[in-house]
Amino acid sequence: MNTQEQDILNKNDNSTCAETAPDAPAQTQESSTAQAPAADAVNDGGKRKKEKKDKSKRNKRKRRFGDRKEGRRLRSLDGLHVAMPFIMKDRSDACNTFADEIEISEADLFVREQIMSGKENFSMLHVILAAYVRTVSQYPYLNRFISGQRIFARHKIEINMTVKKEMNIHSPETCIKVIFEPKDTIYDVYDKFNAEIAKIQNDTGTDNVAAFFKKFPRIPFRWAVKVIGWLDYWGMLPQSLMNSLPFWGSMIITSMGSLGIKPIYHHLYNFGNLPIFVSYGTKRKVISTDKKGNITSRKVIDLKVVTDERTCDGFQYATAFKMWKKLIENPESLKTPPAQVFEDVD
């Protein structure tokens, strides 16, 4: 975590974000290579790069029996975590809801600055997504999922969103899936997300799959869904199908603000393995008092989240969400990559 991010977290005296959660993740290789002495820096530069590359190759995790295409099985979790998917078999049994009010006064100014600098359509959504990606880079347990009653760490950060092709009631909906890396900055998030949005005027993978299955009669359709679920349970579902449908990923987000209403609590799907559903609403102003008793006006948005409680415990969720909130409120640190990226437990 870089200095700017640490300063952000330290503003909340009661926050536990700076504390190390149970089963603290291990630091990745990027930040572990020792620096050569200054006198030998020029001569040893190439050697150190080669050594770092070789170490990275050696330390790269190999796929083991029980791992999946989209993630590796976590084998060091405590017994209670291992038992939870068997006790609560369906994702709908394990839903926890969370709501918060986030001040966006600084974030709104940041968005305006980016638009003035030439970044068209830059919005609060990009800030929310970039803050989430940065939070996952520091607390990777947020990127876990459950399939086949096992808990896995997802390899990449995959965010889904349902969008309207046009803003009218007759326009069809489609879904996009954007894949991010833990080291992505807010500018990387902006570029990747907008690149996917530009494709929605054509048929997406979701549109093509849905058009194929809608031709099925009801009974074959039901059996097709059962077969897909069976293949998913045993980790044999083709990656292309998971990439085309919004039911697999790190998180799905919906903007109620674009519809002019408050956020909703959206259920999780038993189909697929999405562990988190995020909804946020319109910007609004609230009148409140500061610590000195002065009346102030603040600009806020409301955020509602539904989570799968089987992936990690309440302390871990709370720690990650506090950091996410602070990064949304103060997005300047998202302009640069994180100093360190952490990896989930074994």
Side-chain angles (χ1 to χ4, degrees), residues 102-137 156-207 243-244 246 249-264 266 276-285 298-305 324-337:
I102 301 178
E103 182 173 353
I104 59 166
S105 301
E106 292 296 325
D108 198 48
L109 291 175
F110 180 84
V111 169
R112 292 173 184 269
E113 290 173 1
Q114 301 308 312
I115 293 173
M116 292 179 65
S117 69
K119 291 180 173 55
E120 297 181 3
N121 301 319
F122 197 97
S123 68
M124 191 58 58
L125 175 61
H126 297 105
V127 176
I128 293 172
L129 294 180
Y132 190 85
V133 170
R134 183 60 52 87
T135 302
V136 171
S137 77
K156 297 180 179 180
I157 305 171
E158 303 175 13
I159 296 180
N160 297 278
M161 187 174 189
T162 301
V163 295
K164 279 273 194 181
K165 292 191 175 183
E166 296 178 7
M167 292 304 291
N168 64 71
I169 60 175
H170 302 294
S171 175
E173 284 186 334
T174 189
C175 295
I176 62 170
K177 186 190 297 282
V178 192
I179 298 176
F180 300 106
E181 297 295 336
K183 275 190 169 291
D184 282 349
T185 67
I186 194 167
Y187 301 125
D188 297 322
V189 170
Y190 170 82
D191 291 336
K192 291 179 179 181
F193 185 84
N194 284 10
E196 291 299 323
I197 288 291
K199 299 176 183 178
I200 67 172
Q201 296 306 320
N202 301 317
D203 287 342
T204 63
T206 301
D207 297 328
N243 290 341
S244 299
S250 306
M251 180 258 276
I252 185 167
I253 186 169
T254 182
S255 170
M256 296 293 100
S258 63
L259 306 180
I261 62 174
K262 294 181 179 180
I264 63 170
H266 197 293
I276 297 176
F277 205 120
V278 177
S279 174
Y280 69 97
T282 56
K283 300 175 185 178
R284 61 186 180 88
K285 288 188 177 181
R298 299 182 298 117
K299 187 177 292 186
V300 302
I301 59 170
D302 296 306
L303 189 77
K304 292 187 176 180
V305 184
W324 187 23
K325 179 179 180 178
K326 289 296 178 183
L327 289 170
I328 295 173
E329 292 177 337
N330 301 274
E332 282 291 331
S333 64
L334 301 175
K335 294 164 70 174
T336 56

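We use all heavy atoms of the structure for the numbers below, so side chains are in, but hydrogens, waters and symmetry mates are not. Fair warning: this is a prediction, and the values are worked out from it, not measured in the lab.
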Peer 1: Please report the interatomic distance OH(Tyr132) to CG(Leu327), rounded to the nearest 0.5 Å.
Peer 2: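 Answer for the OH-CG pair, Tyr132 versus Leu327, is 13.0 Å.
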Peer 1: If you compare all heavy atoms of Ile186 against all heavy atoms of Ala130, which two are closest, and at what distance to 0.1 Å?
Peer 2: CG1-CB, 3.6 Å
Peer 1: Between atom CD of Glu332 and atom CG of Leu334, what is the distance when rounded to the nearest 0.5 Å?
Peer 2: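 Atom-to-atom, Glu332:CD and Leu334:CG are 9.0 Å apart.
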Peer 1: Nearest 0.5 Å, please: how far is OH in Tyr187 from NE2 in His126?
Peer 2: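 Rounded to the nearest 0.5 Å, the NE2-OH separation comes out at 12.5 Å.
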Peer 1: Should we say atom NZ of Lys262 is surrounded by more than 12 heavy atoms from elsewhere, each under 6.0 Å from it?
Peer 2: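 Not more than 12 within 6.0 Å, no.
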Peer 1: For Ile157 and Glu181, work out which heavy atoms get closest and say how close.
Peer 2: CD1-C, 4.3 Å
Peer 1: Which heavy atom of Ala131 sits nearest a heavy atom of Thr135, and at what distance?
Peer 2: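 Where Ala131 meets Thr135 most closely, the heavy atoms are O-OG1, 2.7 Å.
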Peer 1: Check this for me: Lys156, atom NZ, are more than 12 non-hydrogen atoms of other residues, nucleotides or ligands nearer than 6.0 Å?
Peer 2: no
Peer 1: Mind jotting down which residue pairs meet the salt bridge (charged side-chain N to carboxylate O under 4.0 Å, His left out) criterion with at least one end in residues 102-113? Sequence neighbours excluded, please.
Peer 2: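 Applying salt bridge (charged side-chain N to carboxylate O under 4.0 Å, His left out) to every pair that reaches into residues 102-113, excluding sequence neighbours, yields Glu103-Arg298, Asp108-Arg112, Asp108-Lys283, Asp108-Lys299.
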Peer 1: If you take all heavy atoms of Met256 and Ile264, which pair is closest and at what distance?
Peer 2: CG-N, 4.1 Å
Peer 1: Among Leu125, Thr254, Ile102, which residue satisfies the side-chain contact (heavy atoms from CB on, under 4.5 Å) criterion with Tyr280?
Peer 2: Leu125
Peer 1: I'd like to know if the side chain of Trp324 and the backbone of Ile128 have a donor-acceptor N/O pair within less than 3.5 Å.
Peer 2: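 Flag set: sc Trp324 to bb Ile128 pair under 3.5 Å.
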Peer 1: Using a 3.5 Å distance criterion without hydrogens, assess whether the side chain of Asp191 forms a donor-acceptor pair with backbone atoms of Asp188.
Peer 2: no
Peer 1: Is it true that Asp302 and Arg284 make a salt bridge, defined as a side-chain N closer than 4.0 Å to a carboxylate O?
Peer 2: yes
Peer 1: Determine the sole option in Pro246, Cys175, Ser250 for which the side-chain contact (heavy atoms from CB on, under 4.5 Å) test with Asn160 is passed.
Peer 2: Pro246
Peer 1: NZ/Lys177 to CG/Asn243 distance, rounded to the nearest 0.5 angstrom?
Peer 2: 6.5 Å
Peer 1: Working note: Lys335 + Phe110, criterion side chain to side chain contact (heavy atoms under 4.5 Å, CB included); need CA distance, chi angles, decisive distance, verdict.
Peer 2: CA-CA 11 Å; Lys335 294 164 70 174; Phe110 180 84; 3.7 Å; yes
Peer 1: With a 4.5 Å cut-off on side-chain heavy atoms, are Ser255 and Met161 touching?
Peer 2: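 Counting from C-beta outward, Met161 and Ser255 do come under 4.5 Å.
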Peer 1: Check ring-ring contact (aromatic ring centres under 6.0 Å, His included) between Phe277 and all other residues, then give those that pass, not counting sequence neighbours.
Peer 2: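 Listed in chain order: His266.
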Peer 1: Would you please name every residue forming a side-chain contact (heavy atoms from CB on, under 4.5 Å) with Asn121, sequence neighbours left out?
Peer 2: none
Peer 1: With rounding to the nearest 0.5 Å, note down the distance linking OG1 in Thr282 to CD1 in Ile261.
Peer 2: 9.0 Å
Peer 1: Hey, mind stepping through Met124 and Val111 against side chain to side chain contact (heavy atoms under 4.5 Å, CB included) and telling me if it holds?
Peer 2: CA-CA 7 Å; Met124 191 58 58; Val111 169; 4.2 Å; yes
Peer 1: What distance do Ile197 atom CD1 and Ile176 atom CD1 have between them, rounded to the nearest 0.5 Å?
Peer 2: 3.5 Å
Peer 1: Of all the heavy-atom pairs spanning Pro337 and Lys183, show the shortest one and how long it is.
Peer 2: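 Taking every non-hydrogen atom into account, CB-O, 3.6 Å.
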